[in-house]
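First up is the structure itself, then whatever we jot down about it.
Worth saying up front: this structure is predicted, and the values here are computed from it rather than measured. Protein chains get the first letters and strands the later ones, always in sequence-line order, with residue 1 at the start of each.
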2 protein chains.
Amino acid sequence: MQSEETKVDTEERIIVAALAVFARKGKDGARMQEIANEAGINKAMLHYYFRSKDKLYEAVFRHVFNRFSAQHATAVKESPTFAKTLKLFIDGFIDSIKEKPDIVRLMVNENLSGGTALGSMIVEKQHEKAAPSILKKKLEEAIKNGEIRPVDPDHTLLTVLSCCLFFFIWAPTIHIKIPKSKDWDAFIESRKEHIFDVVYNGLQPQ
Amino acid sequence: MQSEETKVDTEERIIVAALAVFARKGKDGARMQEIANEAGINKAMLHYYFRSKDKLYEAVFRHVFNRFSAQHATAVKESPTFAKTLKLFIDGFIDSIKEKPDIVRLMVNENLSGGTALGSMIVEKQHEKAAPSILKKKLEEAIKNGEIRPVDPDHTLLTVLSCCLFFFIWAPTIHIKIPKSKDWDAFIESRKEHIFDVVYNGLQPQ
DNA sequence: TTTTGGTTTAACCAAATGGTTGAATCGTAT
DNA sequence: ATACGATTCAACCATTTGGTTAAACCAAAA
C-alpha cells in the first residue's frame, strides 16, 4: 500500500489540472489527454481515479464549488453596518476569485452549455451562512431602517455579483488595454473601490 | 447556376446554426455534425461553403460582431443629456442582446478559451460612432460640467457592461428562480430600470 | 434537348478521442 | 526475502471526428 499522501496528491493534481482545462474548453471541448498532460500523468490514471470524463467533471465541479463557498463564507463575515458588510462582500468575493479565477470560468461554461449542475448545487447548498444570504439579509435590514433606498434586493445582489464576476470572464479582452502582470493587480484594487463607490452611492436616499 | 437566393439562404442558415452551437459548446466543443443537423443540411456542405471548422468559426464571429455593433449603434443615438444617453445605452444594449443572446455567449466562450479574436476585432472596429465610445464621451462631458461625480469613465463603462451582460450569461442559473418563458421578459424590463436607477444614482454628486 | 456550372449528397478516410487491459512498479506487512 | 494490494504505464480498441471525394442533382444557357 502506498502512502495516503501520494494518493491524495495525485487526486488533487488531477482535480487542479482538470479544472484548468474544463474552465477554458468546457466539458465537451476538454480532452482527457490534455488534462493528463497538464497533470503530468498517464491518461489511464484519470480513469483509474475517476472512472469517466463525466464523473471527473462532476467531481471537479463539486470540489471547487465547496472550496469556493467555504472560503468566501469565511471572508465575508457579517458586519454591524450595511456599508461594511457590502465592502467586505465585494472585497472578499473579488479576492476569492482572483485567487482561483478558473472556478468562475467553469461555472460560466456550465451556464453556457445549459447545464443545471451549478443551479442545483446553489439551491442544495443555500444556507444562512452563505455569503449572498448574508448580504441580502443586511440589505433588507438597511432598507427597513432607512439607511438605503427601497430597492429590489435580488436585483441589487445580482448587480453586485455582475460587477465582481464579469471582468474576470472578460479578462482577455480587457487585457488588451491593461497589461496582464504589471497593472492587473492594481486594476483589481481600483475595481473593488469603484464597485463599492458606485453601488453604495447608488443605494443612498436622495 | 442556381438562384442567388438559395446560396445566400444556405450560407445564412449555416451561420445561424453554427452560432447556436459555437455559443453553447465553444469552438473546440462544437461538432460539425451537430451544426449540420441544426442547419438541416449535409455535413459536407459546411466544408463546401466554409472550407474548415476554423474558417467557419471566424466567419461566424465576424458576422455576428458586425451585425451586433451595427444594430446597437443605431439603437444608441447620442442624446442631449447624460441621463438620457445612459438610459438609451442600457435599454438598447439589453434589447440587442435579448434578441440574440447567443452573440454574447459566443464572445464569452472566446474569452474563456483565451482567444484574441474578440479583442482584436473591438480594437479594429473602434470608432466614434460605436455605442461604448458615445457613452464614454457623454460621461466625460457630464463629469466636466458637474452633472455627475468624478468617476473613472473606463470603470463606469465596464460596470454598465457587466450589469447588462452578466445576467444573460448566468441565465440558466437565474432561471431556477425566474421561470423561463413566463416571467423572463418582465424580469428583463425590471432589470433595465434597476441598472439605470442604481448606476445613475451612484454617479450623482452627494 | 443537351450542355454547363454551381449545389447537394452518401460513402469514405485518416486522425483523434474516450475508454480498457495486462503487465510492470512500488511501498509495506509478514 | 517474499507476497500482496495499490498504483502507474504503454499499448491497444471501438467510436467519433474533421475533412475528402466522386457521383448525383438541378436550374438555366445553348
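With sequence neighbours left out, the side chain to side chain contact (heavy atoms under 4.5 Å, CB included) criterion links A/D54 to A/K27, A/S52. Not a single side-chain hydrogen bond (donor to acceptor under 3.5 Å, both in side chains) links B/E140 to another residue, sequence neighbours left out. With sequence neighbours excluded, no residue forms a side-chain hydrogen bond (donor to acceptor under 3.5 Å, both in side chains) with B/R31.
The CG atom of A/N37 sits 14 Å away from the C1' atom of D/dC9 (whole-angstrom rounding). Taking atom CD of residue A/E11 and atom P of nucleotide D/dT8, one finds them 10 Å apart after rounding to whole Å. Summarising the geometry, the separation between CD1 on A/I14 and P on D/dC9 is reported as 10 Å, rounded to the nearest angstrom. Note: CG (B/D9) to C1' (C/dT8) measures 14 Å, nearest angstrom. Atom-to-atom, CD1 of A/I35 to P of C/dT17 comes out at 12 Å; the value is rounded to the nearest Å. Protein atom CE of B/M45 is 12 Å distant from nucleotide atom P of C/dA10, rounded to whole Å. What separates OH of A/Y57 from C1' of C/dG18 is a distance of 17 Å, to the nearest Å. What separates CG of B/L46 from P of C/dT8 is a distance of 12 Å, to the nearest Å.
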### Query
What one-letter contact string describes nucleotides 17-25 of chain D from 5' to 3', where B marks a base within less than 4.0 Å of any protein heavy atom, S marks contact via sugar-phosphate atoms alone, and - marks no contact?
SBBBB----

Per-pair distances, 0.1 Å, donor-acceptor, side chain in residues 153-169 of chain B, under 3.5 Å, sequence neighbours excluded:
residue : atom : partner : partner atom : Å
B/D154  : OD1  : B/K136  : NZ           : 3.1
B/H155  : ND1  : A/R191  : NH1          : 2.9
B/H155  : NE2  : A/S190  : OG           : 2.8
B/T156  : OG1  : B/D152  : O            : 2.7
B/T159  : OG1  : A/R191  : NH1          : 3.4
B/T159  : OG1  : A/R191  : NH2          : 3.1
B/T159  : OG1  : A/H194  : NE2          : 2.9
B/T159  : OG1  : B/H155  : O            : 2.9
B/S162  : OG   : B/L158  : O            : 2.6

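In terms of phosphate contacts, A/T10 brings a side-chain nitrogen or oxygen within less than 4.0 Å of OP1 or OP2 of D/dT8. Between A/Y48 and D/dC9 there is no side-chain N or O to OP1 or OP2 distance below 4.0 Å.
Of the possible polar contacts, one joining the B/H175 side chain to the B/A171 backbone as a donor-acceptor pair under 3.5 Å is found. Judged by distance alone, with hydrogens and angles left aside, the side-chain atoms of B/R149 form a donor-acceptor pair with the main-chain N or O of B/G202 at under 3.5 Å.
Between A/D95 and A/K98 there is no salt bridge, since none of the side-chain N atoms of the basic residue sits less than 4.0 Å from a carboxylate O of the acidic one. Remark: A/E193 does not engage A/K87 in a salt bridge, criterion side-chain N to carboxylate O under 4.0 Å. Ion pairing between a basic and an acidic side chain is recognised when a charged N comes within 4.0 Å of a carboxylate O; B/E110 and A/R24 show no such pairing.
Helix-axis bend for the helix from C/dT1-D/dA30 to C/dT30-D/dA1: the local axis fitted to the five terminal pairs at one end deviates from that at the other end by 10°, rounded to 10°.
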